[in-house]
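What follows is one structure encoded as structure tokens, with my remarks underneath.
Predicted model only: the values in this text are computed from it and were never measured. Here is the naming used below: chain letters follow the sequence lines, and residue numbers restart at 1 for every chain.
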Amino acid sequence: MRATGYLIHGLALTVAGAVLLFAIGFALLASFFLVGLPWLGETIHGLRWLANADRRRSGNYRGTPIDSAYRPLTGGSIRQLRTAGSDPATYRDLLWLLAQIALGFWLMLAAVIAWVGFVIAVTLPLWWWLPAEPGEMTGITLDSWPNVLLALLLNGVGFGLLLGFVLPWLAAGQAWLAKALLSPTTRARLNARVTELKATRAAALDAHAAELRRIERDLHDTSQAGLVAIAVRLGVAERQLKTDPEQAARLIREAREGAEAALAELRALVRGIYPPILSDRGLTGAVTALATAAPIPVEVKVGNLGDVPAAVEAAAYFIVAEALTNVAKHAEATAARVEVTRQNDRVILEIADNGRGGAKARFSHRPATERSAAPPATDIAVAGGTGLRGIARRVAALDGRFTVHSPAGGPTALRAELPCGS
Amino acid sequence: MRVVIAEDNVLLQEGLKLLLGTTGFEVVAVVDTGDALLAALETHRPDVAVVDVRLPPTFRDEGLKAAVAARRRWPGQPLLVLSQYVEEVYAAELLADGAGGLGYLLKDRVSRIDEFIDALRRVAGGGTAMDPEVISQLLTKRDSDAPLHSLTKRERDVLSLMAQGHDNTTIASLLVVTERAVSKHISNIFAKLGLPPSDSGHRRVLAVLAYLRAAA
């Protein structure tokens, strides 16, 4: 049955494939007059879509998914065309398309014939019983009971074997062919990985550079300026110590107040770079501290995390902090739960509350599908963040995944996956 | 008054020695690790020790751990813990034994000499000195607490100062009111929060801190 479904499903691909092949031919022809070039670009999208459809079909049938590794199509149609033209996967897809068109119809036909034959064979007595001209089946004239039974036996077994053994074998063969043609070559796989790593590395470097600039700016604006002001006050006070002790005392007091303000700013700055409690207590202790500081009871569960890079730890901390702030501010919840676990190379953060939900409506957030888009160059690690958007940005900076589940009426559940870069 | 200092940063060591030396304290030992602190406490049995949270070799919460260990070995040993940042969980760990003679302050507070010395003397005398930032963290956390909301602005100020460990006299002078007015505010606060009235001293501070720290 599965084999039949697979093969019949293949007919749809074959028909679509034939149409596509015709379209490609037409677009190629038209390309000689240049007008066809954009159309050719469109057919590439169609080809990829169709090939992906068969990746799903054949992958499902084989029980092991078939990956794809295309060079991403970006820019104008000419550039897309050039990318596709230099991508070996395009030609392998075309090869698959031809094979699918050539084989798909016949395989589907085999499935239909096998079923029709089988059904006719097992219902032969009925046909015989009907008052009609005696027909014949596979060379046996159906004119007597023994002949009918013989035909039933021979054809039942024959078509049964076709259904039970030959069709699955054919389907497996086609699925194998699809896998052979549609699976990316090792080279393509590596190429795709390199492209992906290049993009995430560039994003990480951007984020890092922006972070350094922010720290530099903050140090200049707060601490350095503050220290200059203090030094000036102390210098003037020193000169006026004898002549105007009252004025000197006022300046010294202002200098001390300035020092206190600078210290407070430095503390806030440090907390925004890497919260000290993280280095003191690790993620477990830091998350527990956040939970303790929350206005509602927060249950904390931290699994065995293994080695987590400092950048990921810091991001995880800020995400939990922002999520709990959101809960306190908007959720009207009476309890929340934070769970931090490790799955292979990912740290998984789950923050849930029993509040009124609807978080999506109140914050527009970057959907998970945009996760690989480079984050804006500024304010990536601003300690306060801006709710869900801030969380999404932090997750994107690490090339992680972020989902919000918050139906109106609640409850809200956030999930962030942060790769640890192995 | 004899003091042991546990601080690894030379600048801060010098600063503390200068400050304590000029205000009538006797610095009997300056150490820079948690283990050395325990040894120095054993040898000198000082009136109070000033301990930095971050100490070698780990530069994590070595000092805090040493402080907790010291309090376990010598219950009630007055300790003033200094830190670059305050965390409520740290305060909770220090307060866990329920004894007085404990301080937990931001390092910044050292610059207000009179207040710092006052805090140090209070701790040495068995009192409490909680950083205003710890108290404001606790108050923010309990923002939706109904009894706390029923306090007047003045009563909240008094509560905050009381939680920091100040006695009625100091509270009165800080808020520029009479001591009688302070006592009245305090009995109002205790009534509104449903706490049994308690005498002046660290027992009262601990009761207020316990109230603030309890989950809503």
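- In this structure, CG in B/D8 is found 10.0 Å from CD in B/E62, a value given to the nearest 0.5 Å.
- Put simply, the side chain of A/V340 does not reach to within 4.5 Å of the side chain of A/K301, judged on heavy atoms.
- Only the side chain of B/E133 comes within less than 4.5 Å of a heavy atom in chain A; its backbone stays farther off.
- For a residue to count as touching a neighbouring chain, one of its non-hydrogen atoms must lie under 4.5 Å from one of that chain's; by this rule A/A294 touches chain B with the backbone only.
- With chain A as partner, the option from B/L106, B/L138, B/L64 having the largest number of non-hydrogen pairs under 4.5 angstrom is B/L106.
- Checking A/R356 against A/H330 by side-chain atom types alone, no donor-acceptor pair falls below 3.5 Å.
- Atom CD of B/Q84 sits in a sparse spot, with 12 or fewer heavy atoms from other residues, nucleotides or ligands closer than 6.0 Å.
- If you measure heavy-atom distances from B/F59 to chain A, the contacts under 4.5 Å come from the backbone alone.
- For the pair B/V134 and B/Y104, the minimum side-chain heavy-atom distance is below 4.5 Å.
- No part of B/R109 comes within reach of chain A, as not one of its non-hydrogen atoms sits under 4.5 angstrom from that chain.
- Contact annotation for B/V110: neither backbone nor side-chain heavy atoms come within less than 4.5 Å of a heavy atom of chain A.
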